[in-house]
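Naming convention: chains lettered A, B, ... in sequence-line order (proteins, then strands); numbering from 1 in each chain.
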4 protein chains.
Amino acid sequence: MGATVSTRGRIDKRQAILGAAFAVFAREGYARAGVDVIAAEAGVAKATVYSHFGDKETLLREAIAASADQALARNLAVLDRLTDRGDDLRATLEGVGLRLLQCYCDDRSWALRRLLSSEINQFPELLDIVHTRAAGRVTEALADRLARLSIAGHLHAPDPLVAAEQFFSLLSGSIDTRARLGTRRVPNTELRTVARAAVDTFLKAFAQKPTG
Amino acid sequence: MGATVSTRGRIDKRQAILGAAFAVFAREGYARAGVDVIAAEAGVAKATVYSHFGDKETLLREAIAASADQALARNLAVLDRLTDRGDDLRATLEGVGLRLLQCYCDDRSWALRRLLSSEINQFPELLDIVHTRAAGRVTEALADRLARLSIAGHLHAPDPLVAAEQFFSLLSGSIDTRARLGTRRVPNTELRTVARAAVDTFLKAFAQKPTG
Amino acid sequence: MGATVSTRGRIDKRQAILGAAFAVFAREGYARAGVDVIAAEAGVAKATVYSHFGDKETLLREAIAASADQALARNLAVLDRLTDRGDDLRATLEGVGLRLLQCYCDDRSWALRRLLSSEINQFPELLDIVHTRAAGRVTEALADRLARLSIAGHLHAPDPLVAAEQFFSLLSGSIDTRARLGTRRVPNTELRTVARAAVDTFLKAFAQKPTG
Amino acid sequence: MGATVSTRGRIDKRQAILGAAFAVFAREGYARAGVDVIAAEAGVAKATVYSHFGDKETLLREAIAASADQALARNLAVLDRLTDRGDDLRATLEGVGLRLLQCYCDDRSWALRRLLSSEINQFPELLDIVHTRAAGRVTEALADRLARLSIAGHLHAPDPLVAAEQFFSLLSGSIDTRARLGTRRVPNTELRTVARAAVDTFLKAFAQKPTG
DNA sequence: TATGAATGAGGATTCATTCAT
DNA sequence: CATGAATGAATCCTCATTCAT
């Protein structure tokens with residue numbers, strides 16, 4: 001039990017540091033972020049951060065990886081809703097589109113994307129970490145669903161991967177501006193409008209043409 | 001003329017500093033960028049940078065503004081090609097789409113967008129600078145062209161601004177991944193494929209429906 | 001005439017620079033004082049200051065010398081009132097004491113003394129400049145007057161120089177504290193009280209004892 | 001004990017820094033004084049100075065406060081000699097006067113006064129620090145002693161505070177000139193002469209008048 | 001293991017001074 | 001002669017990292 005407790009404590013500290021690190025990196029940027037600040041925000045001493053992660057770069061990588069895992073989980077949870085039950089395709093797509101946009105607009109997602117942009121020159125591996133863990137998988141999961149819908153005759157999407165990418169594009173394309181890169185909170189009604197417009201165009205292009 | 005020479009010299013230095021500043025900021029990020037490095041790259045003394053711009057923040061703002069002006073010019077030059085001469089709409093759109101993608105993939109554009117992402121928390125005004133000077137205008141210019149094409153009966157786009165945004169979205173949506181946020185050079189043939197797919201979907205959605 | 005005018009202009013600028021220099025040196029201290037500030041306060045360009053005085057040290061020396069000359073003039077003007085007309089010795093001494101204190105408390109005098117204190121390590125010559133031009137002469141002038149009063153039988157001061165020094169000491173000894181080194185303006189009534197106490201003690205010690 | 005050792009070490013460094021800081025500030029003046037120089041002179045790293053005192057201003061304040069404490073101690077030690085044992089009043093006063101002058105002429109005292117003069121415009125609080133801690137207390141301690149001597153019938157000083165101030169004034173009034181503001185070492189014999197002259201005048205003014 | 005203390009390297013900014021006009 | 005522009009040296013301060021306890 002004693003061991004269990006201390007192990008728990010250590011793991012908790014690790015999580016606290018990762019959380020604080022991501023928050024501070026996101027808020028200040030990698031270079032401006034102070035290890036002291038991260039340590040303080042995590043409630044540990046600076047040296048403890050070093051004993052866990054060795055150096056600031058490693059801390060960034062691990063914090064980003066953890067954050068990417070969480071983002072993937074959030075996105076996949078949404079996609080699970082997109083089954084091929086043919087009920088009302090438009091409504092289903094709009095619902096999924098809205099949720100995807102909500103994921104996309106989650107503060108943590110913005111932070112992750114901004115960090116990625118900022119540090120890609122210094123740390124190109126970050127992109128792989130995130131893509132392997134999150135972004136790629138989401139697109140593929142969506143492509144899977146669209147393929148099934150195609151096979152089921154609800155959609156006409158010969159290349160499901162392209163369709164998936166374009167669906168995402170239509171959804172998220174105008175969001176950077178609307179959300180001021182995550183600086184402004186986009187109201188849900190606005191997200192719904194965007195999703196509707198995206199689905200509208202998407203269906204015009206990919207809906208199964210009525211026979212005849 | 002004597003005055004002209006010295007003024008020219010001062011203006012030249014100013015331009016050199018702005019260019020170097022943007023290059024270094026883009027390469028290193030704001031925080032990591034050293035004013036010494038910028039000065040050296042511009043071929044002037046560090047103090048000269050300060051006598052021109054006062055401090056590093058101002059330098060960032062001015063460098064970004066100048067860069068946004070250039071980006072706007074590049075984009076508008078492309079859009080001028082999109083007239084309502086009804087030749088071959090698809091080919092025209094694909095051509096314009098390709099050039100827009102090329103603008104989008106220009107190193108300087110990537111750098112501008114990355115810098116914006118990185119520093120938006122520290123300097124929220126940057127977004128306004130860029131949007132006022134560049135991004136917004138391009139979208140509107142494209143909407144203008146699409147509106148004309150609609151009026152001329154070549155397109156069916158009741159809301160040209162939405163159509164413009166979606167055209168952009170379809171074009172650029174998958175580029176972040178393909179170009180690894182500007183880290184990888186996307187070959188022209190790949191850009192052409194993307195443009196073709198985008199125009200394809202765009203036309204399916206917005207092409208003038210045959211009467212009846 | 002043209003020559004006269006330009007010479008006048010040059011001399012005026014020189015005076016303006018000296019005045020501004022003393023003001024800024026006094027306000028900021030030598031090291032903190034910026035030549036740009038002095039130039040601006042004098043209404044000339046920085047380079048003009050250099051063409052007149054060569055460098056900052058010289059400017060300090062000349063500004064101090066000019067200020068010392070003015071201080072000397074102010075003090076001597078007061079001492080002229082101390083004649084050996086035996087009217088009322090106490091009243092005369094109190095009047096002179098008060099005026100000397102007013103000189104001592106003049107902002108420019110405080111500034112001069114503070115500058116001297118500050119920079120004596122860096123520029124030991126300053127002390128000679130001031131002493132030669134001002135401080136020494138005032139004490140000697142006072143000693144002269146006291147000697148005459150002694151000879152005239154109004155005082156008993158075998159060593160007039162010591163008496164003069166002590167008269168000054170009694171006057172100014174508590175002023176540093178009262179004026180917070182020139183930071184606080186001492187009201188005239190307080191100065192009068194101090195002068196009275198000084199003269200009181202001085203006369204107790206040096207008044208001619210009544211015979212028998 | 002372990003803690004004691006490390007604490008000791010830290011306190012030692014703090015003292016070393018304060019000592020070095022005062023020395024360098026006194027020698028160079030606040031503005032010219034380099035924190036690097038102070039650190040080097042204290043045998044610590046520059047950053048250590050900052051970790052102890054935060055910034056240069058705080059360092060100045062603390063160094064001055066410590067120096068004022070030391071000066072107070074030196075002065076009070078002298079005043080303890082001035083009891084009301086009626087032995088030989090003149091000799092006692094001359095002895096105390098000489099020691100007070102020696103305190104006044106101590107290099108550290110000159111440095112403290114010069115620093116105060118120099119920086120009073122930038123840091124007016126310094127005056128309060130020193131007065132609260134040192135100058136004021138010394139005058140009052142002297143006034144106390146003089147009051148006792150009065151009560152014991154050895155002196156006639158109705159206002160002991162004024163008498164104390166004037167005693168100091170007579171002692172120190174001519175010293176600024178003689179010591180060239182601390183730049184020249186005044187030989188002890190000269191100090192003795194000054195003290196004798198001061199006591200002479202002081203006693204003429206304040207000695208108990210023969211009854212009747 | 002966790003920590004408080006110490007440090008060395010680095011970066012933004014200022015300023016006296018010079019030079020071309 | 002007076003000036004605007006340019007500069008190089010110097011200075012305060014921060015921060016990632018290490019070490020003794």
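- Closest contact between the side chain of D:Val44 and the listed nucleotides F:dA6, E:dT7, E:dT3 involves E:dT7.
- A straight line from CD1 of C:Ile38 to P of E:dT17 spans 11 Å, rounded to a whole angstrom.
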Evaluate the side-chain contact (heavy atoms from CB on, under 4.5 Å) criterion for residues D:Glu62 and D:Arg14: first the C-alpha distance (whole Å), next the side-chain angles of each, then the deciding distance (0.1 Å), finally the verdict. CA-CA 10 Å; D:Glu62 303 253 3; D:Arg14 192 184 170 87; 3.3 Å; yes
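- In this entry the distance linking CZ of D:Arg14 with P of E:dA5 reads 12 Å, nearest Å.
- Separating the CD1 atom of C:Ile17 from the C1' atom of F:dA2 is a distance of 11 Å, rounded to the nearest angstrom.
- Contact check, A:Ser51 against E:dT1: no side-chain N or O comes under 4.0 Å of OP1 or OP2.
- For the pair A:His52/A:Thr48, a side-chain contact is recorded, criterion being any heavy-atom separation below 4.5 Å from C-beta on.
- The pair A:Arg114-B:Glu119 does not count as a salt bridge, with every side-chain nitrogen at least 4.0 angstrom from each carboxylate oxygen.
- Rounded to an integer number of Å, the gap from B:Arg10 CZ to E:dC19 C1' is 15 Å.
- Using a distance-only test at 3.5 Å, with no hydrogens or angles considered, no donor-acceptor pair links the side chain of B:Asp55 to the main chain of B:Tyr50.
- As rounded to whole Å, 11 Å separates atom P of E:dA5 from atom NZ of D:Lys13.
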Can you give me the dot-bracket string for DNA chain E, 5' to 3', counting Watson-Crick and G-U wobble pairs with both distances under 3.5 Å, using [ ] for crossing pairs and | for partners on another strand? .||||||||||||||||||||
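- One can place CG of C:Asp12 at 15 Å from C1' of F:dC1, the figure rounded to the nearest angstrom.
- OP1 or OP2 of E:dA6 sits under 4.0 Å from a side-chain N or O of D:His52.
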For nucleotides 10-15 of chain F, read 5' to 3', which letter fits each nucleotide if B means a protein heavy atom sits under 4.0 Å from the base, S means only the sugar-phosphate is that close, and - means neither? B-BBBB
Show the numbers, then the answer: is there a side-chain contact (heavy atoms from CB on, under 4.5 Å) between B:Leu127 and A:Thr183? CA-CA 10 Å; B:Leu127 196 74; A:Thr183 282; 5.8 Å; no
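- Residues forming a side chain to side chain contact (heavy atoms under 4.5 Å, CB included) with C:Arg113 (at least two apart in sequence, or on another chain): C:Tyr104, C:Ser109, C:Trp110.
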Please assess D:Val24 against D:Val35 for the test side-chain contact (heavy atoms from CB on, under 4.5 Å), listing each intermediate value before the final yes or no. CA-CA 9 Å; D:Val24 177; D:Val35 178; over 6 Å; no
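- Shortest non-hydrogen contact noted between D:Ala31 and D:Lys56 is O-NZ, 3.4 Å.
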Would B:Leu115 and B:Leu60 count as a side-chain contact (heavy atoms from CB on, under 4.5 Å) if you check the C-alpha gap in whole Å, the side-chain angles of each, and the deciding distance to 0.1 Å? CA-CA 10 Å; B:Leu115 219 46; B:Leu60 175 68; 4.2 Å; yes
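- Put simply, CD1 on D:Ile11 is 11 Å from P on E:dA5, counting in whole angstrom units.
- The CZ-C1' distance, from C:Phe53 to E:dT17, rounds to 16 Å in whole Å.
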